[in-house]
Amino acid sequence: MPQDKKGVGRTSRRSFLGRALTATGTAIAAPSLLNQASKAKETTQMAEGEIKITLNVNQEQRSLAIEPRVTLLDALRDRLGLVGSKKGCDHGQCGACTVLIDGQRVYSCLTLAVMQEGKQITTVEGLAKGDALHPVQTAFIENDGFQCGYCTPGQICASVALIEEVKRGSSSVVTPDLARPPQLSELSEAEIKERLSGNLCRCSAYNGIVAAVQQVAGQKPPSPVADIMLREEISG
Ligand code: FES
Ligand code: FES
């Protein structure tokens with residue numbers, strides 16, 4: 001383990017963050033433990049005003065009894081125990097609650113759970129395949145695409161959708177030529193920033209987030225970690 005000037009052992013920021021995220025299970029950890037916990041909370045017992053619905057979440061059928069006014073975000077977090085999706089503003093302004101519905105990114109705080117029957121809902125817990133992280137999750141770790149991690153589940157889901165949108169040939173307001181949408185290999189920084197502008201990061205980890213998307217797009221992003229090391233070396 002590296003030692004600092006006082007001889008105290010220190011750990012690299014990246015390995016510390018990796019361990020922290022695994023421990024808290026917020027954004028990147030494999031979903032098995034969260035799923036076990038969530039099943040314990042699932043219920044189909046009806047209270048007054050509730051209706052029974054079945055949601056397909058992360059490729060599992062989940063039955064629950066809820067009032068029709070319950071948002072998808074509250075159903076996921078409070079009823080199914082899938083707390084990876086975060087409640088930031090609860091008003092469609094921050095993107096922390098972003099999930100995928102039939103492959104499209106959606107603010108889960110702005111849609112009702114009862115409207116999602118028959119659709120495929122994917123939360124951050126459903127992106128990994130067993131212990132193998134989704135490439136976007138790996139890229140966020142390798143490029144320091146987060147600091148506190150609160151916005152990260154939403155950023156990751158939005159980035160997964162972004163990649164698929166580009167593959168389908170979608171353009172954005174900063175696409176120079178609408179008749180020629182960008183390919184992944186030529187997706188500019190401005191395009192990535194615009195396409196992720198619905199997801200705010202209070203820690204301002206935007207450089208790492210953009211680099212993570214560039215990595216998944218097959219580009220060679222500047223590594224923020226290498227950049228910091230270089231600056232530390234120069235300053236002595
Ligand atoms: S919590 Fe849904 S957009 Fe902020
Ligand atoms: S990493 Fe802290 S809010 Fe984005």
Side-chain angles (χ1 to χ4, degrees), residues 12-29 34 55 57 66 69-116 119 121-127 133-134 136-162 165 189 192-216 221 223-225 227-228:
S12 77
R13 180 173 181 275
R14 188 183 303 176
S15 67
F16 169 76
L17 289 171
R19 289 208 305 275
L21 282 172
T22 303
T24 56
T26 52
I28 293 177
L34 287 170
L55 297 178
V57 185
I66 56 169
R69 63 179 175 161
V70 174
T71 64
L72 177 59
L73 177 61
D74 285 343
L76 291 170
R77 289 180 55 84
D78 300 340
R79 307 304 291 272
L80 299 181
L82 293 168
V83 295
S85 307
K86 296 292 181 282
K87 185 181 280 192
C89 64
D90 210 17
H91 284 82
Q93 294 174 345
C94 72
C97 64
T98 305
V99 300
L100 305 175
I101 299 180
D102 288 344
Q104 307 275 347
R105 43 181 152 166
V106 172
Y107 290 160
S108 60
C109 72
L110 286 190
T111 188
L112 298 175
V114 293
M115 297 164 64
Q116 308 311 328
K119 299 180 183 171
I121 302 162
T122 305
T123 67
V124 72
E125 292 93 340
L127 292 176
L133 296 179
H134 188 285
V136 172
Q137 292 174 305
T138 303
F140 267 67
I141 293 174
E142 292 181 353
N143 292 279
D144 279 351
F146 52 88
Q147 195 155 42
C148 76
Y150 195 81
C151 72
T152 313
Q155 301 278 6
I156 288 175
C157 286
S159 299
V160 169
L162 180 161
E165 287 159 15
E189 218 175 292
I192 296 170
K193 287 178 180 171
E194 165 57 29
R195 289 166 191 256
L196 287 180
S197 59
N199 290 77
L200 305 182
C201 175
R202 293 161 186 79
C203 300
S204 209
Y206 295 113
N207 287 346
I209 293 168
V210 170
V213 173
Q214 287 174 319
Q215 177 171 310
V216 179
S223 163
V225 175
D227 194 42
I228 290 166

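Computation of the quantities below employed the complete heavy-atom set of this structure, encompassing side-chain atoms and omitting hydrogens, waters and symmetry-equivalent molecules. Whatever order the structure lists them in is the order used to number ligands and atoms, beginning at 1. Positions are given from 1, in the same order as the sequence printed here.
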Self-check item: Evaluation steps, side-chain contact (heavy atoms from CB on, under 4.5 Å), between Ser159 and Leu196
Solution: CA-CA 7 Å; Ser159 299; Leu196 287 180; 3.8 Å; yes
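The shortest side-chain heavy-atom distance between Val57 and Leu82 falls under the 4.5 Å cut-off. Using a 4.5 Å heavy-atom cutoff, the side chains of Asp74 and Lys87 are in contact. Looking at heavy atoms from C-beta onward, Gln104 lies out of side-chain contact with Lys119 at the 4.5 angstrom threshold. Looking at Leu72 and Leu55, their side chains come closer than 4.5 Å, going by heavy atoms from C-beta outward. Side-chain atoms of Leu200 and Tyr206, non-hydrogen and from C-beta on, do get closer than 4.5 Å to each other.
Considering only non-hydrogen protein atoms, atom 3 (S) of ligand 2 sits nearest to Arg202 N, 3.2 Å. Protein heavy atom nearest atom 1 (S) of ligand 2, with residue, atom name and distance: Gln147 N, 3.1 Å.
Of all the heavy atoms in Thr152 and Phe146, the pair that sits closest is OG1-CB, 3.2 Å.
Residue contact check: Cys203 has heavy atoms under 4.0 Å from atoms 1 (S), 2 (Fe), 3 (S) of ligand 2. Of all the atoms in ligand 2, the ones that sit under 4.0 Å from a non-hydrogen atom of Gly149 are 1 (S), 2 (Fe).
Of the possible polar contacts, one joining the His134 side chain to the Val136 backbone as a donor-acceptor pair under 3.5 Å is found.
Of all protein N, O or S atoms, those under 2.8 Å from atom 4 (Fe) of ligand 1 number 2.
Of all the heavy atoms of Cys148, the ones lying under 4.0 Å from any atom of ligand 2 are found in both the backbone and the side chain.
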